[in-house]
Amino acid sequence: LRNAFNQAVKWELMARNPVQNATVPKAEKHERNIWDAQTLMKALSLCDDPFLSLAINLAFACSMRMGEIMGLTWSNVHISDEDIAADNAYVYIDKELTRASKRAIEMLGQKDIYHVFTPLFPNTSTRVILKKPKTDSSIRKVWLPKTLAYILLEWKKSQDELKEMLRDEYQDYDLVVALPNGRPCEDRVLLKEFEKLREKAGLPKVVFH
């Protein structure tokens with residue numbers, strides 16, 4: 001507001017800036033609750049949803065946000081036997097999955113959007129998209145602990161078996177975390193399961209990330 005009114009004064013639309021000496025209230029910071037390692041291990045031991053278990057492991061070991069987990073593609077997962085043996089397994093995070101309005105998609109432009117997924121219902125006003133992260137600093141390479149690298153190997157194996165079984169019915173977008181038919185999985189699906197797990201296990205309420 002101060003900058004806007006300063007510009008109005010420069011343009012001689014008004015004599016003085018009415019908010020120049022305003023006292024801005026201090027925002028109260030509330031520290032988020034987090035799970036310690038013991039709580040996390042308990043959650044994983046009680047988790048019987050393989051999608052959620054993988055998401056929790058990626059969030060914990062790689063500090064990945066939900067959109068980054070949902071947008072991770074196999075082309076950015078480096079887990080060959082040689083990589084794992086040399087402690088050189090890693091994921092490269094350069095995209096995120098989100099839902100956006102048609103207007104927002106137009107404003108973002110093609111350079112920041114990698115893919116717009118065809119909606120199940122054509123009349124919806126929003127689309128699920130795979131896009132570049134908001135900031136360049138979010139693009140990063142994250143080393144994988146061997147435990148997670150092996151989890152991803154098993155996940156890839158089971159996903160390949162599913163592709164083979166479904167053949168043409170599987171829509172392959174190269175997504176690591178995808179629905180059984182290959183289509184993108186939105187965060188609300190996993191967040192719902194996360195809340196179920198938290199309540200069942202009697203664990204403290206936390207933001208997923």
Side-chain angles (χ1 to χ4, degrees), residues 49-80 89-144 148-149 151-197 207-209:
D49 184 327
F51 280 90
L52 181 58
S53 181
L54 178 63
I56 292 174
N57 273 290
L58 285 168
F60 178 66
C62 304
S63 293
M64 292 177 71
R65 296 178 178 85
M66 185 65 85
E68 294 170 340
I69 294 169
M70 301 293 98
L72 184 64
T73 52
W74 286 113
S75 60
N76 282 3
V77 178
H78 300 266
I79 49 171
S80 67
Y90 69 92
V91 293
Y92 185 67
I93 302 161
D94 66 349
K95 58 183 82 74
E96 61 185 20
L97 189 86
T98 189
R99 180 174 284 277
S101 67
K102 292 178 183 178
R103 180 180 172 81
I105 292 170
E106 289 174 6
M107 291 176 68
L108 279 170
Q110 291 302 312
K111 66 182 179 69
D112 289 331
I113 297 178
Y114 300 116
H115 189 78
V116 179
F117 295 93
T118 305
L120 293 174
F121 306 102
N123 293 328
T124 55
S125 61
T126 59
R127 297 286 186 272
V128 175
I129 62 173
L130 202 57
K131 62 180 277 292
K132 183 180 177 182
K134 290 177 182 176
T135 61
D136 289 339
S137 61
S138 295
I139 299 174
R140 61 201 188 277
K141 183 177 183 178
V142 181
W143 305 103
L144 295 172
L148 181 51
I151 289 172
L152 282 163
L153 272 178
E154 286 300 311
W155 183 260
K156 182 76 167 68
K157 182 181 175 183
S158 62
Q159 197 179 74
D160 287 343
E161 289 171 354
L162 185 61
K163 286 182 195 177
E164 184 65 27
M165 185 174 68
L166 294 178
R167 296 185 178 275
D168 293 342
E169 291 180 25
Y170 191 91
Q171 300 177 49
D172 193 357
Y173 295 106
D174 197 38
L175 294 169
V176 174
V177 179
L179 295 175
N181 62 358
R183 284 186 61 83
C185 178
E186 291 190 69
D187 58 2
R188 57 186 171 81
V189 176
L190 281 180
L191 289 174
K192 185 177 179 181
E193 292 305 312
F194 180 66
E195 279 305 302
K196 284 182 184 176
L197 171 66
V207 174
F208 182 85
H209 175 62

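With Pro119 as the partner, the side chain to side chain contact (heavy atoms under 4.5 Å, CB included) test is satisfied by one option alone out of Thr124, Val128, Thr126: Thr124.
Residues Tyr173 and Trp74 keep their aromatic ring centres 6.0 Å or farther apart.
More than 12 heavy atoms of other residues, nucleotides or ligands shown are found within 6.0 angstrom of NZ on Lys102. In the displayed structure, Lys134 atom NZ is contacted under 6.0 Å by at most 12 heavy atoms of other residues, nucleotides or ligands.
Contact annotation: the side chain of Val142 never approaches that of Ser63 to less than 4.5 Å [non-hydrogen atoms, C-beta and beyond]. Looking at Val177 and Leu72, their side chains never come closer than 4.5 Å, going by heavy atoms from C-beta outward.
Residues Asp174 and Ser75 share a closest heavy-atom pair of OD2-N, 3.1 Å. Closest non-hydrogen pair, Ala89 versus Ile79, comes out as CB-CG2, 4.3 Å. Scanning all heavy atoms of the two residues, the minimum distance from Leu191 to Met66 falls at CD2-CE, 3.6 Å. Heavy-atom minimum distance, Leu166 versus Pro180: CD1-O, 3.3 Å. Looking at every heavy atom in both residues, Ile69 comes nearest to Phe208 through CD1-CE2, 4.1 Å.
To the nearest 0.5 angstrom, Glu68 atom CD is 10.0 Å from Asp94 atom CG. Atom CD1 of residue Ile151 and atom CG of residue Leu54 lie 7.5 Å apart, to the nearest 0.5 angstrom. Here the straight-line distance linking atom CE of Met70 with atom CG of Leu130 works out to 12.0 Å at 0.5 Å rounding. Residue Asp160 holds its CG atom at 8.5 Å from OH of Tyr170, rounded to the nearest 0.5 Å. Distance check: Ile129 CD1 to Ile113 CD1 gives 4.5 Å after rounding to the nearest 0.5 Å. Distance check: Leu197 CG to Leu190 CG gives 11.5 Å after rounding to the nearest 0.5 Å.
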Check against side chain to side chain contact (heavy atoms under 4.5 Å, CB included), Leu97 and Phe117: CA-CA 10 Å; Leu97 189 86; Phe117 295 93; 3.5 Å; yes
Thr73 vs Leu175, side chain to side chain contact (heavy atoms under 4.5 Å, CB included): CA-CA, chis, key distance, verdict: CA-CA 4 Å; Thr73 52; Leu175 294 169; 4.2 Å; yes
Audit row: Lys132, Asp112, side chain to side chain contact (heavy atoms under 4.5 Å, CB included) steps and yes/no: CA-CA 5 Å; Lys132 183 180 177 182; Asp112 289 331; 3.6 Å; yes
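Of the charged side-chain nitrogens involved, at least one lies within less than 4.0 Å of a carboxylate oxygen, so that Lys196 and Glu193 count as a salt-bridged pair.
When atom types are taken as modelled, the side chain of Arg167 and the backbone of Met165 share no donor-acceptor pair closer than 3.5 angstrom. Side-chain atoms of Glu169 never come within 3.5 Å of backbone atoms of Asn181 as a donor-acceptor pair (strictly under, hydrogens ignored).
In terms of the side chain to side chain contact (heavy atoms under 4.5 Å, CB included) criterion, residue partners of Arg188 (sequence neighbours excluded) are, by chain and number, Glu186.
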